[in-house]
Amino acid sequence: VQLQASGGGLVQVGGSLRLSCAASGGSSFTYAMGWFRQAPGKDREFVAGISAISPRTYYEDFAKGRFTISRDNNKNTVYLQMNSLKSEDTAVYYCAAEPRGSYFDELAWAYWGQGTQVTVSS
């Protein structure tokens, strides 16, 4: 499975961005997907996850109410809509696929994309 993340960029505080992650190479798009982020000098942390079937969504506390994860199985793509962005949201955002344990544990995820930079300026 190959994952290609896109949609990052520079945005002002309070603005919005939508990240996309296109998956390819698998037999079908029937696996859970997630987003993580890593800020400079910090560990990579879970942002949001979405299951494959009858999608359930999971969010880290900082993302609740501001971020929305969704998927389009016809396009093999998962999205992360980010609203009301804060300067502390500045990070490289990574998409991941097929967790083999807790969504919140980065070690559980089998496949990773290359990351897309999100910079929120004040």
Side-chain angles (χ1 to χ4, degrees):
V1 175
Q2 292 80 47
L3 304 175
Q4 180 71 41
S6 61
L10 176 63
V11 64
Q12 291 187 328
V13 170
S16 299
L17 277 177
R18 188 177 80 155
L19 306 183
S20 300
C21 177
S24 62
S27 58
S28 63
F29 192 50
T30 56
Y31 34 82
M33 299 287 293
W35 288 96
F36 284 73
R37 71 183 187 183
Q38 187 168 22
K42 295 187 176 181
D43 293 336
R44 189 153 57 182
E45 61 180 350
F46 176 76
V47 178
I50 185 166
S51 62
I53 307 299
S54 299
R56 294 185 177 182
T57 56
Y58 307 86
Y59 296 95
E60 189 57 84
D61 286 346
F62 65 77
K64 293 177 181 177
R66 298 191 300 127
F67 295 1
T68 302
I69 189 170
S70 61
R71 63 191 295 152
D72 184 338
N73 290 342
N74 292 323
K75 296 182 178 180
N76 288 6
T77 300
V78 65
Y79 304 98
L80 184 67
Q81 177 68 44
M82 303 187 294
N83 299 326
S84 302
L85 284 163
K86 306 175 182 180
S87 57
E88 52 263 43
D89 294 319
T90 295
V92 178
Y93 284 71
Y94 298 89
C95 61
E98 199 169 324
R100 294 163 182 175
S102 169
Y103 281 38
F104 293 80
D105 181 2
E106 68 168 305
L107 298 179
W109 295 79
Y111 304 99
W112 291 87
Q114 86 289 0
T116 185
Q117 176 70 47
V118 172
T119 303
V120 184
S121 65
S122 57

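Along the sequence shown, the residues carry numbers beginning at 1. The figures that follow rest on heavy atoms only: side chains count, while hydrogens, waters and symmetry mates do not.
No path of Ile, Leu, Val, Met, Phe, Trp and Tyr side chains, each step under 4.5 Å between heavy atoms, connects F104 with V78, placing them in separate hydrophobic clusters. Both W35 and Y111 are members of a single hydrophobic cluster when ILVMFWY side chains are connected at heavy-atom separations under 4.5 Å. A continuous path of Ile, Leu, Val, Met, Phe, Trp and Tyr side chains, each step under 4.5 Å between heavy atoms, connects Y31 with L80, placing both in one hydrophobic cluster. Taking hydrophobic clusters as Ile, Leu, Val, Met, Phe, Trp and Tyr residues chained together by side-chain heavy-atom distances below 4.5 Å, V47 does not share a cluster with W112.
In this structure, Q117 and A91 approach most closely via the heavy-atom pair NE2-O, 3.4 Å. Minimum interatomic distance between E98 and R100 (heavy atoms only, all atoms of both residues): OE2-NH2, 3.0 Å. When all heavy atoms of V13 and S87 are compared, the pair lying nearest together is CG2-N, 4.1 Å. Of all heavy-atom pairs between G101 and A108, the closest is N-CB, 3.7 Å. Minimum interatomic distance between C21 and L3 (heavy atoms only, all atoms of both residues): SG-CB, 3.9 Å.
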### Task
Just do the side chain to side chain contact (heavy atoms under 4.5 Å, CB included) check on Y58 and I69 with the steps written out, would you?
CA-CA 8 Å; Y58 307 86; I69 189 170; over 6 Å; no
### Message
D43 vs E106, test: side chain to side chain contact (heavy atoms under 4.5 Å, CB included). Steps then yes/no.
### Response
CA-CA 10 Å; D43 293 336; E106 68 168 305; 5.5 Å; no
### Message
Using side chain to side chain contact (heavy atoms under 4.5 Å, CB included), reason through D105 and F46 one step at a time and then give a plain yes or no.
### Response
CA-CA 7 Å; D105 181 2; F46 176 76; over 6 Å; no
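How far CG of L10 is from CD of Q12: 8.0 Å, rounded to the nearest 0.5 Å. Between the CZ atom in R66 and the CD atom in Q81 there is a gap of 12.0 Å [rounded to 0.5 Å]. Summarising the geometry, atom CG belonging to L17 is positioned 9.5 Å from atom OG1 belonging to T119; distances are rounded to the nearest 0.5 Å. The OG1 atom of T68 sits 11.0 Å away from the CE atom of M82 when rounded to the nearest 0.5 Å. Between atom CD of residue Q4 and atom CG of residue N76 there is a gap of 14.0 Å, rounded to the nearest 0.5 Å. If you take CZ on F67 and OG1 on T57, they are separated by 14.0 Å, rounding to the nearest 0.5 Å.
Contact annotation: the side chain of N83 approaches that of S16 to within less than 4.5 Å [non-hydrogen atoms, C-beta and beyond]. Put simply, the side chain of Y103 does not reach to within 4.5 Å of the side chain of R56, judged on heavy atoms.
Shown here is E88, whose CD atom has more than 12 heavy atoms of other residues, nucleotides or ligands within 6.0 Å.
Using cut-offs of 30° and 60° for the angle between ring planes, the W109 and F36 rings count as perpendicular.
Remark: the backbone N or O of S51 is paired with a side-chain donor or acceptor of R71 at under 3.5 angstrom. A side-chain donor-acceptor contact under 3.5 Å links Q114 to the backbone of A5.
Listed by first and then second residue, the ring pair (Phe, Tyr, Trp, His ring centres under 6.0 Å) pairs that reach into residues 78-102 come to none, sequence neighbours excluded.
Cation-pi contact between R37 and F62: present, with separation from the ring centre below 6.0 Å and deviation from the ring axis of at most 45°.
Using a 4.0 Å cut-off between charged side-chain N and carboxylate O, K86 and D89 make no salt bridge.
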